[in-house]
Amino acid sequence: MTCDPAPFSTFPDRSRGRLHPEPESTFRSCFQRDRDRIIHSSAFRRLKHKTQVFVEHEGDYFRTRLTHSIEVAQVARTIAGALGLNQELTEAIALAHDLGHTPFGHTGEDALNELMAPYGGFDHNAQAVRIVTSLERHYAEWDGLNLTWETLEGLAKHNGPVCGELPYALADYNAKHDLELTTHAGGEAQVAALADDIAYSNHDIHDGLRAGLFTMEELTDLPILRHCFETVDKRYPGLAPERRQHEALRRFFGSLVEDVISTSRDNIEHLAPKRVEDIRMAGAAIIRFSPTHWWKLNEIRAFLFQRMYRAPSVIEMRHKVTAVIRDLFPLYMTRPELLPSAWQEGLQHNRDDQSIARLVADYISGMTDRFALQQHEILVAENLREI
């Protein structure tokens, strides 16, 4: 059930606005407009063919970054509505939170970060901000999507304050549009972060089962899942295995959502915030799991880490796709003329190593899994023939 907007919600008519002022829509709030711009962006469409855990071509049923982002947005809207937060802002942040991911998921990011170490590193959260503020170039009057301050703040800070030396992709934008990075984000961004935890904890179990990396019987060794299976068995004795699995995991999914809502309501009642700034200045995240659920969720993460993320078949694919990134990056660095002409325009006035590296990182990180594999097959093979 959706509650009326709470006083600590982020209200569209109180938005801090956009870097480039523009007339407001007559039929959409500024946050609805942000959400729609994200959905229509090129980077959002490319998430369809980017890895979640399994490389995109390994199976049609496995999650991709696109389906993951949609699931995160659904969970986030539910929690935001129950807490009286702004659902459209929450949804916009949730849909955009993974735009900066490289091909091949965290494996690709690790490889690109290592290669970019001499040039400022690579961080997918900072890259998401870079994409929506610079790399999406479709509008006549500005680069990027010209999103509101609140959406950009949420993208930059949904995992908490950003302190110390800033990733270059974030520092560049923050220098001209201060996102107040050292405080917590508003409640909507905090909801998006927890919705991400809920979505991937649930769907990675689904995908791991489908891939045959573990069994339902092994899952029942985990207390929170054992309770879910026992509840289903008591209510539906003799249920077919596929239906039993679905019923148990949807109860697990629901328990995570309910725990976040219940715990966060208690935190809000204790803090008694009167405006969104009270959430930002609380000194700690207000949207949280209970300690008990957080401990149980960490048990599941540890299980998935060992049985799924470090499974031999997954590790083997990690090695293969790491080699793809490690081959493509130095090739583009030494031969930037291989980049599409639209990308080479960025090098007309700056051809130093750092400028080239950042351009190459932007290009490679935007690739889909299949395009990276195709480019590797074509370009690396051609380069070897020339040698």
Side-chain angles (χ1 to χ4, degrees), residues 47 50-79 94 97-98 101 104-107 191-236 239-261 263 288-318:
L47 295 179
K50 289 198 176 191
T51 292
Q52 181 63 26
V53 173
F54 298 97
V55 176
E56 180 268 330
H57 69 275
E58 291 185 286
D60 291 341
Y61 286 96
F62 297 128
R63 266 67 170 194
T64 65
R65 286 287 165 190
L66 179 62
T67 58
H68 164 72
S69 297
I70 293 170
E71 291 180 33
V72 173
Q74 178 269 313
V75 176
R77 281 193 66 100
T78 297
I79 297 173
H97 83 284
D98 269 355
H101 263 293
F104 316 126
H106 288 288
T107 300
V191 165
L194 269 290
D196 186 23
D197 288 340
I198 291 170
Y200 82 71
S201 296
N202 178 65
H203 63 52
D204 283 2
I205 293 174
H206 278 270
D207 285 353
L209 285 167
R210 178 172 287 277
L213 298 179
F214 45 80
T215 66
M216 285 192 288
E217 287 68 28
E218 290 174 293
L219 290 178
T220 59
D221 290 336
L222 301 167
I224 189 170
L225 289 171
R226 182 189 309 127
H227 174 73
C228 294
F229 278 103
E230 288 173 348
T231 301
V232 171
D233 291 341
K234 183 176 180 179
R235 183 168 181 178
Y236 305 107
L239 194 62
E242 293 81 4
R243 295 178 187 269
R244 177 174 179 260
Q245 171 187 311
H246 178 78
E247 288 292 334
L249 293 183
R250 79 184 187 96
R251 282 164 173 76
F252 164 65
F253 185 76
S255 74
L256 297 180
V257 174
E258 290 169 3
D259 182 76
V260 167
I261 292 172
T263 303
R288 295 201 298 264
F289 289 103
S290 67
T292 299
H293 254 70
W294 184 246
W295 177 77
K296 291 178 179 178
L297 196 56
N298 281 335
E299 279 193 326
I300 290 174
R301 288 190 180 118
F303 175 86
L304 290 172
F305 183 85
Q306 292 298 327
R307 300 302 305 276
M308 185 174 184
Y309 311 142
R310 291 297 179 265
S313 60
V314 175
I315 291 293
E316 181 181 1
M317 183 56 71
R318 281 172 60 94

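Quick note: residue numbers are just sequence positions, from 1.
Although no hydrogens or angles enter the test, the distance criterion places a donor-acceptor pair under 3.5 Å between the side chain of Thr67 and the main chain of Thr64. Formation of a donor-acceptor pair under 3.5 Å by the His97 side chain with backbone atoms of Ala94 is found in this model. Checking side-chain atoms of Glu218 against main-chain N and O of Thr215 turns up a donor-acceptor pair under 3.5 Å. Judged by distance alone, with hydrogens and angles left aside, the side-chain atoms of Asp98 form no donor-acceptor pair with the main-chain N or O of Ser69 at under 3.5 Å.
Residues Ile205 and Leu225 form a side-chain contact, since some pair of their non-hydrogen atoms from C-beta on lies under 4.5 Å apart. Ile224 has its side chain within reach of His293: a pair of non-hydrogen atoms, C-beta onward, lies under 4.5 Å apart. Under the 4.5 Å side-chain criterion, counting only non-hydrogen atoms from C-beta, Leu219 is not in contact with Cys228. Residues Leu256 and Asn202 form no side-chain contact, since every pair of their non-hydrogen atoms from C-beta on lies 4.5 Å or further apart. The side-chain heavy atoms of Phe252 and Ile300, taken from C-beta on, include a pair separated by under 4.5 Å. A 4.5 Å side-chain heavy-atom check between Phe229 and Leu222 finds every atom pair outside the cut-off. Proximity of Met308 to Asp207: side-chain heavy atoms (C-beta onward) are separated by under 4.5 Å at one or more points. Within the 4.5 Å cutoff, no side-chain heavy atoms of Trp294 are placed close to those of Asp259.
The two atoms that bring Arg65 and Gly105 nearest to each other are NH2-CA, 4.0 Å, heavy atoms only. Across all non-hydrogen atoms, the minimal contact from Ala192 to Ala76 is CA-CB, 4.3 Å. Of all heavy-atom pairs between Ser201 and Leu304, the closest is O-CD1, 4.3 Å. Of all heavy-atom pairs between Arg318 and Tyr309, the closest is CD-O, 4.2 Å. Here the closest non-hydrogen pair linking Pro241 and Met216 is O-CE, 3.7 Å.
Distance check, rounded to the nearest 0.5 Å: CG of Leu213 to CZ of Arg307 gives 8.0 Å. To the nearest 0.5 Å, the span separating CG on Asp221 from CZ on Arg226 amounts to 6.5 Å.
In this view, Tyr236 and Val232, Leu239, Glu247, Arg251 satisfy the side chain to side chain contact (heavy atoms under 4.5 Å, CB included) rule, not counting sequence neighbours. Looking at residues two or more places apart in sequence or on another chain, you find a side-chain hydrogen bond (donor to acceptor under 3.5 Å, both in side chains) between Arg77 and Glu91.
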For this session: Show the numbers, then the answer: is there a side chain to side chain contact (heavy atoms under 4.5 Å, CB included) between Ile198 and Ile79?
Result: CA-CA 11 Å; Ile198 291 170; Ile79 297 173; 4.0 Å; yes

For this session: Kindly indicate, with the supporting measurements, whether the criterion side chain to side chain contact (heavy atoms under 4.5 Å, CB included) is fulfilled by Asn298 and Phe289.
Result: CA-CA 11 Å; Asn298 281 335; Phe289 289 103; over 6 Å; no

Exercise. Side chain to side chain donor-acceptor pair (under 3.5 Å) between Arg301 and Tyr200: does it pass, once the steps are laid out?
Worked result: CA-CA 10 Å; Arg301 288 190 180 118; Tyr200 82 71; 3.0 Å; yes

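For Arg310, the CZ atom is densely surrounded, since the number of other residues' heavy atoms within 6.0 Å is greater than 12. Within 6.0 Å of NE2 in His206 there are more than 12 heavy atoms belonging to other residues, nucleotides or ligands.
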